[in-house]
Amino acid sequence: MSINITLPDGSVKSYESPVKPLQVAQDISPRLADASILAEVDGVAVDLDHEIVQDCSLMLHTFKTEQGKEVYWHSTSHLMAQAVKQLFPSVKVTIGPAIEQGFYYDFDRDTPFTDEELAQIEERMVFLSKQNLVYQRKELSKAEAVEIFKNMGEDYKLEILAEIPDTDVISTYQQGDFIDLCRGPHLLDTGKIKAIKLLKTSGAYWRGDEKNKMLHRIYGISFPSKKELEEYLEFLRQAALRDHRKLGKDLDLFSINDEVGPGLVLWHPNGAMIRHLIESYWKEEHLKHGYKLVYTPHVGRASLWETSGHLGFYKENMYSAMDVEGQDYYIKPMNCPFHMAIYNSNLRSYRELPLRLGELGTVYRYERSGVLHGLMRVRGFTQDDAHIICTPEQLDSEVEKLIVFALDMLKHFGFKEFLIYLSTQPDASVGDPKDWEVATESLRRSLEKLGLAYDVDKGGGAFYGPKIDIKIKDAIGRAWQCTTIQFDFNEPTRFNMTYIGSDNVQHRPYMIHRAILGSVERFFATLLEYHGGNLPLWLAPVQLMILPITEAQLDYARKIEEQLQMRGFRCEVDTRNEKIGYKVRDAELKKIPYMCIVGKKEEENGTVTLREHTVGDLGSMSLEAALEKLGLKS
RNA sequence: GCUCAAGUAGCUCAGCAGGUAGAGCACCUCCUUGGUAAGGAGGAGGUCAUCGGUUCGAGUCCGAUCUUGAGCUCCA
């Protein structure tokens, strides 16, 4: 009898007796064996010492793959739990999964972990990793597992066990004196974990439910080499430099003021200029794409919000009512009811559809104080909102056009990587199941037709319709949701929206609620972080700073300024009585894309010397030549 | 909202066994008129988040409130 193992490249290795993935790796190359973390046998993740007894396909994962990292970090979280239990025996362990970047483990104890304790734990982890403790898998019955964790007094593990069917086989992993309930797989031994860093602590509710006890969470990360850890820590430092809150302060773009109120943004002149440029571009593009721009009020009567349903399903996000001559008015958390009202202001014909109503609409939502975050999460923000009202026949082409429009617009701002999600019907939802089917399929068809890769978020749609979300990938890998394309089966019915078809009969239109940038605030923040504050020329609030060498060139500098302004460039003259090096440094720190240096030589020759931000001197040239250079970049 | 941490000059931060508040940068004035990332001198600027308490005396200790940060939960 021989066992044939098919490798990912299609080649087959044969063995005469049962074999472990580690041995197969060893036979391919010792380096692979050393780097391997787990194996996938016929698509099932297993430990490297799992015995293969029959023909199968085999794939080995190293730290390079997602699964490899996940297992590596998961094993490290066990190591951390072991260290914590050794140092603080009275602490109870709960759960400790791998996350996107690293891992965490939640512990139950009275006080949070201090920085000193963190260092202590880290030290113990390093000590334990050097012991090369083997992660031993054991399979047992539920009753046996309950017995073990009961003796250990690990109540949380018992709670998890209680939810597992009695007949299931339970697995535990033990390294040294530490045993944990775990499905696995895991690393072979703790020695594989070479570089460890515990990053931060925080509170976390047991099972993520705020009614439960607050546990103490420790976040950490680990790598197979010190070098990789160093690189990661450097990456974190770079991320901090790109934080839009820091850039916003450094570049004087916006502020949030205590007295004005948390989550309410003040746009300073430079930030406002960038926003103006974004919005102008947005409006132009929407007009080109057949949208009609509208403006709507910031408040509306209670009855409007009753009709729309917001007072029913969105009330906890709305500010309390204000009294106007005995009537309740609410500040708007969304723009849609107003757009619906515009639609309903006339009897509509199918000839008018699709009707695309767009607005940069400022909305106010109550956000719990703990969730506010710079411009990413605020209480007053402007959505680049639009509602597309169309006939069922127009649905596909509208969705398709919309996706293309959204991606084109995001690309224009420099973004290159996108994550696309299709969210389907949740358990609790309104609308005809047939409509859900039609709408979801329309979304899916469009994505497929455009050849876009997407993930399905099953049951992740809004209660009123399925949606497509596009998230932008940051230069440092973080994803931020911008575009959302949502079907709405709720409001057309609630507002009794209709159109007269060619058959002279009233029909209910389809309605798509969409935002491409999402909110101007969040988009602005993402844009800033993505470019690290070095905005492309067309978005720079000041595109060019004119720097006279001495005060003698002030007049010449002003003349250059005038000519540049005439040509539509945003420029300023640094008139301060400072040396050129000082002014250059200042313009560099302000991340102004270009500098125009004018001294005696330039004035005599009627030229300018151009300098590009972060690049340096571009040499002397005529103003025309300089303009041409700038024109090409804009 | 919850847990923990923090709030000192416009910015970045120091200060403490409780004894009249400090630096650098930025700002203002003067000197310097200079060639691509900081020339020099001087000056002004703070009810140490707010309110209350302990104390002869509080930026420093205690409490409450507000705000910020890291998370949890929730979302554009």
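Letters A, B, ... are given to chains in the order of the sequence lines, protein chains preceding strands, and every chain is numbered from 1.
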*Asks:* A:Val363 near the nucleic acid: base, sugar-phosphate alone, or nothing, with a heavy-atom cut-off under 4.0 Å?
*Replies:* nothing
*Asks:* Output the rounded distance in Å from CG (A:Leu372) to P (B:C74).
*Replies:* 16 Å
*Asks:* Looking at every strand, decide which applies to A:Gly370 at a 4.0 Å heavy-atom threshold: base, sugar-phosphate, or nothing.
*Replies:* base
*Asks:* Report the distance from atom CD1 of A:Ile95 to atom P of B:G71, rounded to the nearest whole Å.
*Replies:* 17 Å
*Asks:* Tell whether A:Tyr205 reaches the base of B:G1 with its side chain through a donor-acceptor pair below 3.5 angstrom.
*Replies:* yes
*Asks:* Would you classify A:Ser202 as touching base, sugar-phosphate or nothing, given that sugar-phosphate means primed atoms plus P, OP1 and OP2, and contacts are heavy atoms under 4.0 Å?
*Replies:* sugar-phosphate
*Asks:* Atom CE of A:Met214 to atom P of B:U3: distance rounded to whole Å?
*Replies:* 6 Å
*Asks:* Does B:C2 have OP1 or OP2 sitting under 4.0 Å from an N or O in the side chain of A:Lys211?
*Replies:* no
*Asks:* What is the separation between atom NZ on A:Lys583 and atom P on B:A38, rounded to the nearest whole Å?
*Replies:* 14 Å
*Asks:* Quick check: A:Tyr319 with A:Tyr364 (ring centres under 6.0 Å apart)?
*Replies:* no
*Asks:* What integer distance in Å separates A:His216:NE2 from B:C72:P?
*Replies:* 15 Å
*Asks:* Which base, if any, makes a Watson-Crick or G-U wobble pair with B:A41, both distances under 3.5 Å?
*Replies:* B:U29
*Asks:* Would you say a side-chain N or O of A:Tyr364 is under 4.0 Å from OP1 or OP2 of B:A76?
*Replies:* no
*Asks:* Mind checking whether A:Phe113 and A:Phe107 have ring centres under 6.0 Å apart?
*Replies:* yes
*Asks:* Taking any heavy-atom pair under 4.0 Å as a contact, classify A:Gly374: base, sugar-phosphate, or nothing.
*Replies:* sugar-phosphate
*Asks:* Side chain of A:Thr609, heavy atoms from C-beta onward: which of B:U73, B:U36, B:U12 has the nearest atom to it?
*Replies:* B:U36
*Asks:* Could you tell me whether the phosphate oxygens of B:C27, OP1 or OP2, come under 4.0 Å of any side-chain nitrogen or oxygen in A:Arg576?
*Replies:* yes
*Asks:* Now, which nucleotide makes the Watson-Crick or G-U wobble pair with B:G1, with each of the two distances under 3.5 Å?
*Replies:* B:C72
*Asks:* Taking the six-membered ring for Trp and the full ring for Phe, Tyr or His, determine whether the centres of A:Phe413 and A:Tyr530 are under 6.0 Å apart.
*Replies:* no
*Asks:* Taking the side chain of A:Leu589 as heavy atoms from C-beta outward, which of B:C11, B:A37, B:G1 is closest to it?
*Replies:* B:A37
*Asks:* Choosing from B:A76, B:G34, B:A37, which nucleotide comes nearest the side chain of A:Ser519?
*Replies:* B:A76
*Asks:* Hunt down the Watson-Crick or G-U wobble partner of B:A64, both distances under 3.5 Å, from any strand shown, or write none.
*Replies:* B:U50
*Asks:* Distance check needed: B:U73 P versus A:Asn212 CG, whole Å only.
*Replies:* 11 Å
*Asks:* Are A:Tyr366 and A:Arg368 close enough, and set up right, to give a side-chain contact (heavy atoms from CB on, under 4.5 Å), and what steps lead you there?
*Replies:* CA-CA 7 Å; A:Tyr366 167 67; A:Arg368 301 163 111 200; 4.1 Å; yes
*Asks:* What about A:Arg377, does its side chain sit under 3.5 Å from the base of B:C74 through a donor-acceptor pair?
*Replies:* yes
*Asks:* Any chance the side chains of A:Gln486 and A:Tyr464 put a donor and an acceptor closer than 3.5 Å?
*Replies:* yes
*Asks:* With both distances under 3.5 Å as the test, what is the Watson-Crick or G-U wobble partner of B:G24?
*Replies:* B:C11
*Asks:* Is A:Arg245 near enough to B:C11 that one of its side-chain N or O atoms lies under 4.0 angstrom from OP1 or OP2?
*Replies:* no
*Asks:* So is A:Lys197 actually on top of A:Tyr232's ring, under 6.0 Å and inside 45° of the axis?
*Replies:* no
*Asks:* Does any residue of residues 98-121 of chain A have a heavy atom under 4.0 Å from RNA chain B, and if so, which ones, in number order?
*Replies:* A:Pro112
*Asks:* Under 4.0 Å: is that the gap between some side-chain N or O of A:His373 and OP1 or OP2 of B:A70?
*Replies:* yes
*Asks:* By a 5.5 angstrom centroid cut-off and a 30 degree plane limit, is there stacking between A:Tyr582 and B:G39?
*Replies:* no
*Asks:* Within less than 4.0 Å of OP1 or OP2 of B:G39, is there a side-chain N or O belonging to A:Lys579?
*Replies:* no
*Asks:* Are the aromatic ring centres of A:Phe523 and A:Phe415 under 6.0 angstrom apart?
*Replies:* yes
*Asks:* What is the distance, to the nearest angstrom, from the CG atom on A:Asp258 to the P atom on B:G69?
*Replies:* 11 Å
*Asks:* What is the separation between atom CD on A:Glu551 and atom P on B:G34, rounded to the nearest whole Å?
*Replies:* 11 Å
